[in-house]
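Letters A, B, ... mirror the listed sequences (proteins, then strands); counts begin at 1. In this text the structure is predicted, and so the values were computed from the model without any measurement.
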2 protein chains.
Amino acid sequence: MADRKIISFENIKVACKNCSLATLCLPMGLAPEDVERLDAIVKRNRPLHRGDHLFRQDDSFHNLFVVKTGSVKTYAPSEDGGEQVLGFHLPGEIIGLDAILNNRHGCSAKVLETSAVCELPFDRLEDLAANVPSLQHQLYRLMSKEIADETHMLMLLGKKNAEERLAAFLLSLSNRFKRRGFSSTDFYLSMSRHEIGSYLGLAVETVSRLFTRFQDEGLVRVERKHIQIIDREGLESLVAGQRNHRDQQQAPS
Amino acid sequence: MADRKIISFENIKVACKNCSLATLCLPMGLAPEDVERLDAIVKRNRPLHRGDHLFRQDDSFHNLFVVKTGSVKTYAPSEDGGEQVLGFHLPGEIIGLDAILNNRHGCSAKVLETSAVCELPFDRLEDLAANVPSLQHQLYRLMSKEIADETHMLMLLGKKNAEERLAAFLLSLSNRFKRRGFSSTDFYLSMSRHEIGSYLGLAVETVSRLFTRFQDEGLVRVERKHIQIIDREGLESLVAGQRNHRDQQQAPS
DNA sequence: CGGCGGAATTGACGTGGATCAATTACGATC
DNA sequence: GATCGTAATTGATCCACGTCAATTCCGCCG
């Protein structure tokens with residue numbers, strides 16, 4: 001009891017309308033009274049800690065999750081203990097949309113650092129969306145964004161080499177931090193080299209070597225998890241890939 | 001006029017309720033009267049021919065497209081005339097969901113063979129969905145499926161080698177043909193080796209060599225575009241990837 | 001403060017698949 | 001049926017990146 005009181009500050013729950021993420025998250029584009037209605041179905045839990053799961057593959061699906069602070073990775077575990085990282089999720093990003101299809105989660109989601117996460121019961125959200133066209137539209141938009149983002153990732157994995165992939169990854173993080181009001185040039189990675197490699201389809205050693213190479217070339221400053229972007233344009237021209245190889249031929253009519 | 005009459009058989013337009021795809025497509029799970037309402041907003045065009053575009057990258061977005069017969073590829077063109085194939089779409093599959101976000105198509109869509117395609121004005125569909133919960137739900141499901149499919153593809157590109165990718169591709173086609181009432185063991189490819197390679201992140205030559213290898217190993221019979229699956233289980237065990245390499249290590253807690 | 005264990009780095013080496021280069025096989029057109 | 005252009009196959013070579021192995025670094029805990 002006393003205990004509960006002491007840590008009660010953890011329970012401070014920011015209403016959607018006061019949340020700094022309102023312009024990236026579901027409330028985007030909603031009228032104030034609709035934000036209130038959305039607010040009424042959001043569950044806000046106490047912070048989770050590194051290693052906690054939001055859900056595991058094959059869990060039955062009830063809620064979508066939105067990162068409020070911290071970061072989360074989604075991944076597909078494989079029998080043999082290995083895993084394929086599918087995504088890293090920053091504040092304002094929605095997790096679980098792939099589970100609507102079968103009412104079952106197709107991947108696992110694990111917290112990378114102490115994080116706050118909002119929970120949205122999907123059936124209630126769906127009901128509300130049917131009555132609030134702008135919310136319905138925003139849901140479609142968010143799902144569309146998820147599709148577009150994954151398409152972008154497919155292109156990265158399909159035809160970019162290792163350095164183009166890592167450069168794109170760093171720029172993606174940089175841009176997302178910026179939108180969230182953090183520095184776009186100075187940030188900390190919450191994931192390991194191993195996880196970055198898994199996400200980008202590269203070996204850990206390759207990731208490590210590229211970080212040192214990028215640093216030697218004056219593109220970034222790397223100190224363990226601490227990243228500083230020194231030459232953003234340099235990274236961008238890497239991604240654009242002057243040195244792009246595969247598949248430059250003409251397609252058939 | 002006479003002309004129009006002569007080819008008028010092309011204009012035979014199957015209503016959704018009579019369409020053989022009703023159980024895979026948007027009408028899935030809708031009550032008959034709701035199918036009628038959906039039917040009312042569907043535009044059915046005359047068949048398109050090989051090379052015709054449904055839309056091009058950066059076109060403004062108005063309609064979703066559903067393949068009725070034939071096949072369509074989506075791809076991202078690059079300045080230099082190259083392209084990255086993003087997907088192959090068979091009857092009953094929806095195209096254009098990634099465009100909802102910005103009201104602009106993020107990729108191009110081109111018909112691979114003579115094909116019939118239904119067109120759905122998205123704004124009218126959205127309005128209808130707001131009034132027909134089962135349609136709204138079906139739309140969420142279809143978008144969720146798109147996300148889950150792309151996730152699956154990310155895993156393929158992220159950690160599978162060339163033969164695992166091609167085996168998975170063949171099995172995917174086989175399964176999709178089966179659901180559509182076609183043979184799952186004997187079919188024709190509507191796309192070129194080059195397009196397969198682009199889709200799978202492989203060089204044309206690699207695709208070609210793998211086809212011959214698979215044939216030599218008695219997994220399939222290949223004769224140009226004509227494919228016969230001889231040993232489905234063999235292909236499946238390839239995909240499962242006994243010989244799987246990358247990333248079998250333990251993840252951190 | 002010292003010792004332990006996982007994470008990261010660095011180096012040496014091997015290989016899967018890209019690239020380059022011919023050759024062959026089709027399909028379209030007249 | 002001859003001609004041409006593109007698709008597909010096949011072979012030879014190369015290299016980006018994975019794998020293996022050793023070392024260093026850092027956070028953690030007694």
Find the distance B:R213:CZ to D:dG11:P and express it as a whole number of Å.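 Rounded to the whole Å, the gap is 14 Å.
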
Give the rounded distance in Å between these two atoms: NE2 of B:H226 and C1' of D:dA8.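 After rounding, the gap between these two atoms is 17 Å.
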
State whether the distance check finds a donor on one side and an acceptor on the other, under 3.5 Å, for side chain B:E205 versus base C:dC20.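 When only heavy-atom distances are counted, B:E205 does reach the base of C:dC20 through a donor-acceptor pair under 3.5 Å.
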
Which listed nucleotide (D:dC17, D:dA8, C:dG17) is nearest to the side chain of A:T206?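 Of D:dC17, D:dA8, C:dG17, D:dC17 is nearest to the side chain of A:T206.
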
Could you list the residues that satisfy side-chain hydrogen bond (donor to acceptor under 3.5 Å, both in side chains) with [X], not counting sequence neighbours?
| X | result |
| --- | --- |
| A:R224 | none |
| B:S183 | B:T185 |
| A:S174 | A:R232 |
| A:R176 | A:E93, A:S172 |

If the condition is ring pair (Phe, Tyr, Trp, His ring centres under 6.0 Å), which residues does B:Y188 pass it with, not counting sequence neighbours?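 Listed in chain order: B:H226.
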
Between A:K110 and A:E195, is there a salt bridge with N-O shorter than 4.0 Å?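 No, this pair does not count.
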
Mind checking if B:R209 touches a base, just sugar-phosphate, or nothing, with heavy atoms under 4.0 Å?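 It contacts base atoms.
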
Please round to 10 degrees the angle between the axis of the first five pairs and the axis of the last five pairs in the helix from C:dC1-D:dG30 to C:dC30-D:dG1.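 Answer for the end axes of this duplex: 50°.
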
